[in-house]
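Quick notes on the structure that follows.
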Protein chains: 2
Amino acid sequence: MPSIPAPQPQAESLRSELHGRGQRLTPQRQRVLALFERIGEGSHLSAEEVHQRLLRAEERVSLATVYRTLRLLSSMELLRELELPEGGRRFELATGGDHRDHHHLVCVRCGHTEEFESQAVISAGEQAAGRHGFRLLECVLNVRALCPSCAAAEVS
Amino acid sequence: MPSIPAPQPQAESLRSELHGRGQRLTPQRQRVLALFERIGEGSHLSAEEVHQRLLRAEERVSLATVYRTLRLLSSMELLRELELPEGGRRFELATGGDHRDHHHLVCVRCGHTEEFESQAVISAGEQAAGRHGFRLLECVLNVRALCPSCAAAEVS
DNA sequence: CTATGTGCAAACTATTTGCAATTAG
DNA sequence: CTAATTGCAAATAGTTTGCACATAG
């Protein structure tokens with residue numbers, strides 16, 4: 001029956017945020033954001049992966065527009081850009097609150113990553129920022145490591 | 001008088017480390033490593049910057065060789081590759097000991113960076129690694145922030 | 001309608017690689 | 001000598017941009 005797809009729950013707030021900047025809500029922008037909402041908060045995607053997944057979902061968005069949209073949504077704080085050591089830029093859904101601690105355990109051999117949180121790290125970041133007179137925005141700890149199976153494989 | 005330049009103090013150990021792998025000590029490799037020793041531990045350089053500085057010092061090394069050498073010296077743990085958020089790969093001199101904590105306060109506006117150390121961060125990294133069964137290699141905290149002058153400029 | 005956004009292809013930047021000439025050992 | 005290394009130029013990967021056409025509002 002519903003031949004007109006129901007507007008996404010978040011579409012309206014996105015629309016008004018865009019309008020505030022004199023910008024438009026396009027299907028492409030909705031598709032990119034919807035993709036990140038579909039896969040949930042913990043998952044990191046590169047521009048290329050976003051493009052591929054949208055193609056697979058029959059949602060055609062050009063790669064150039066994917067890049068433009070990722071930058072736009074990040075500047076709106078709807079996405080967050082990660083800085084993982086290996087591999088290019090990746091993005092994930094930015095959750096509401098001040099979820100600014102955001103740490104990764106990365107296996108340098110197979111690339112497997114685990115996320116974790118740590119209040120101790122935030123405090124250390126805040127102290128360091130304070131000591132130098134900086135205003136903290138976000139802090140990210142990357143732990144380069146070997147995952148259990150890769151550690152086992154490293155006979156050496 | 002000294003028409004034959006004296007061999008660098010570290011040249012011999014570098015030579016033997018290379019020989020162990022069936023590799024050679026070339027002037028290019030010495031020049032790149034000597035540059036990092038000249039500028040000291042705290043300074044980060046990109047491949048392009050290494051190339052430029054060597055040119056300025058009349059020490060011609062092709063950019064391709066700079067890339068190859070940075071990779072080689074990093075694999076020998078004489079250099080360490082950083083993962084700073086903005087800008088490409090950068091390298092710095094790797095100091096002897098297990099100097100594996102290595103943190104940056106980066107101004108996201110002007111790019112100015114300060115380094116700091118923190119035992120608390122190391123502990124947090126070790127705990128997280130232990131919890132997931134990973135073997136920790138190195139941990140790097142990046143604090144994205146605004147430096148005092150950029151924070152002041154952000155009138156908003 | 002018209003300013004904003006999109007798709008495409010070309011442009012760029014950063015990095016890697018093939019290969020002939022050079023050189024450390 | 002000869003295998004390793006270099007320099008050059010061409011190749012590649014990731015990202016950005018100019019421009020004509022499409023479209024949200």
Side-chain angles (χ1 to χ4, degrees), chain A residues 4-5 7-8 11-33 44-52 54-55 58-76 79 81-91 111, chain B residues 4-5 7-8 11-33 44-52 54-55 58-76 79 81-91 111:
Chain A
I4 300 173
Q8 307 297 318
E12 279 315 311
S13 66
L14 176 54
R15 181 188 308 266
S16 44
E17 264 212 72
L18 284 167
H19 286 186
R21 308 166 147 227
Q23 295 178 314
R24 294 174 185 177
L25 180 60
T26 64
Q28 288 86 341
R29 289 171 182 176
Q30 290 186 71
R31 286 176 197 153
V32 171
L33 184 54
H44 321 141
L45 298 183
S46 67
E48 192 60 55
E49 286 166 352
V50 169
H51 185 231
Q52 290 305 318
L54 290 175
L55 284 187
E58 310 266 291
E59 304 191 309
R60 187 162 295 284
V61 179
S62 75
L63 183 56
T65 294
V66 169
Y67 275 106
R68 286 185 281 229
T69 303
L70 290 175
R71 233 184 323 142
L72 175 71
L73 295 176
S74 298
S75 79
M76 297 172 70
L79 297 183
E81 185 173 348
L82 313 170
E83 335 147 352
L84 292 183
E86 348 282 339
R89 302 196 200 312
R90 291 174 168 275
F91 298 81
Chain B
I4 299 171
Q8 307 297 317
E12 279 317 309
S13 67
L14 176 54
R15 182 188 307 264
S16 45
E17 265 214 70
L18 285 167
H19 286 186
R21 309 165 146 226
Q23 294 178 315
R24 294 173 183 177
L25 179 59
T26 65
Q28 288 87 340
R29 288 171 182 178
Q30 291 187 69
R31 285 176 197 153
V32 171
L33 183 54
H44 322 141
L45 298 182
S46 67
E48 192 59 57
E49 286 166 350
V50 170
H51 185 229
Q52 289 305 319
L54 290 176
L55 284 186
E58 311 264 291
E59 303 191 309
R60 189 161 292 284
V61 179
S62 76
L63 183 56
T65 295
V66 169
Y67 275 105
R68 287 185 280 230
T69 303
L70 290 175
R71 233 184 322 140
L72 175 71
L73 295 176
S74 298
S75 79
M76 297 173 68
L79 297 182
E81 185 172 347
L82 312 170
E83 336 146 350
L84 292 183
E86 349 283 341
R89 303 196 200 313
R90 289 173 171 274
F91 298 81

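Order of the sequence lines fixes the chain letters, A, B, ..., with proteins taken first and strands second; residue numbering starts at 1 for each chain. Computed from a predicted model, the values in this text were never measured in an experiment.
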Query raised in the report: Do A/R29 side-chain atoms and A/R15 backbone N/O form a donor-acceptor pair below 3.5 Å?
Result: no

Query raised in the report: Under 3.5 Å, side chain of A/R89 to main-chain N/O of A/A47, donor-acceptor pair present?
Result: no

Distance-only check: which donor-acceptor pairs under 3.5 Å involve side-chain atoms of residues 63-71 of chain B, not counting sequence neighbours?
residue, atom, partner, partner atom, Å
B/T65, OG1, B/S62, OG, 3.1
B/T69, OG1, B/T65, O, 2.7

Between [atom2] on [N] and [atom1] on [X], what's the gap in Å once rounded to a whole number?
{"X": "A/R89", "N": "D/dG14", "atom1": "CZ", "atom2": "C1'", "answer": "9 Å"}
{"X": "A/Q30", "N": "D/dT23", "atom1": "CD", "atom2": "C1'", "answer": "14 Å"}
{"X": "B/E49", "N": "C/dT13", "atom1": "CD", "atom2": "P", "answer": "16 Å"}
{"X": "B/L45", "N": "C/dT15", "atom1": "CG", "atom2": "P", "answer": "13 Å"}
{"X": "B/L70", "N": "C/dT16", "atom1": "CG", "atom2": "C1'", "answer": "13 Å"}
{"X": "B/E81", "N": "C/dT15", "atom1": "CD", "atom2": "C1'", "answer": "12 Å"}
{"X": "A/L54", "N": "C/dG7", "atom1": "CG", "atom2": "C1'", "answer": "15 Å"}
{"X": "B/R15", "N": "D/dA4", "atom1": "CZ", "atom2": "C1'", "answer": "15 Å"}

Query raised in the report: If you look at every heavy atom in B/S46 and B/R90, which pair is closest and at what distance?
Result: N-NH1, 3.7 Å

Requested in this report: Kindly give the heavy-atom pair with the smallest separation between B/R31 and B/L54, and that separation in Å.
Outcome: O-CD2, 3.8 Å

Query raised in the report: Does the side chain of A/L14 come within less than 4.5 Å of A/M76's, by heavy atoms?
Result: yes

Query - B/Y67 side chain near C/dT15 phosphate (N/O to OP1/OP2, under 4.0 Å) - result: yes

Which protein N or O atoms sit under 3.5 Å from an N or O of nucleotides 5-8 of chain D?
residue, atom, partner, partner atom, Å
D/dT5, OP1, B/R24, N, 2.7
D/dT5, OP1, B/R29, NH1, 2.6
D/dT5, OP1, B/R29, NH2, 3.4
D/dT6, OP1, B/T26, OG1, 2.7
D/dT6, O3', B/Q28, NE2, 2.8
D/dG7, OP1, B/Q28, NE2, 3.3
D/dG7, OP2, B/S62, N, 3.0
D/dG7, OP2, B/S62, OG, 2.9
D/dG7, OP2, B/T65, OG1, 2.8
D/dG7, N7, B/R68, NH2, 2.7

